[in-house]
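Have a look at the structure below before the remarks.
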Amino acid sequence: MRTVYKCVLYSYLSYKDRSIIEFPQDVKIHYEKFDSNVSRIPFFIATDASINAIIVSCRGSSCLDDFIT
């Protein structure tokens, strides 16, 4: 259940303004891209020590360009 919660949390965070997000201490962001246009979607790559996982979180359809992509 904790893993499912974490997956939902990361999905939620991929839509939020990254300047106001505070990740838990056991989560380390390794790479992130904010570009959003027809050929790119925002995403981040992180590790979560509490569940021993590598997370790749991509934003889904948030605007018309995302639907085209």
Side-chain angles (χ1 to χ4, degrees):
M1 214 43 188
R2 186 170 76 177
T3 303
V4 171
Y5 167 76
K6 292 280 187 157
C7 290
V8 170
L9 174 66
Y10 294 127
S11 176
Y12 171 77
L13 293 174
S14 67
Y15 286 91
K16 295 299 172 188
D17 180 0
R18 297 283 293 116
S19 64
I20 60 172
I21 295 175
E22 271 191 50
F23 280 90
Q25 284 185 319
D26 52 351
V27 175
K28 182 178 178 189
I29 303 294
H30 294 277
Y31 187 79
E32 54 189 336
K33 278 291 210 179
F34 302 112
D35 304 0
S36 181
N37 62 35
V38 174
S39 63
R40 296 183 184 165
I41 57 171
F43 71 96
F44 64 87
I45 300 171
T47 53
D48 187 333
S50 70
I51 58 173
N52 195 28
I54 298 171
I55 293 92
V56 178
S57 183
C58 303
R59 191 186 75 197
S61 300
S62 177
C63 62
L64 184 58
D65 286 347
D66 291 342
F67 285 103
I68 295 168
T69 303

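- Atoms CG and CG, from Asn52 and Asp26 in turn, are 11.5 Å apart once rounded to the nearest 0.5 Å.
- Between atom CD1 of residue Ile29 and atom CD1 of residue Ile45 there is a gap of 10.0 Å, rounded to the nearest 0.5 Å.
- Criterion: ILVMFWY side-chain heavy atoms under 4.5 Å apart, direct or through other members. Under it, Ile51 and Ile54 are not part of a common hydrophobic cluster.
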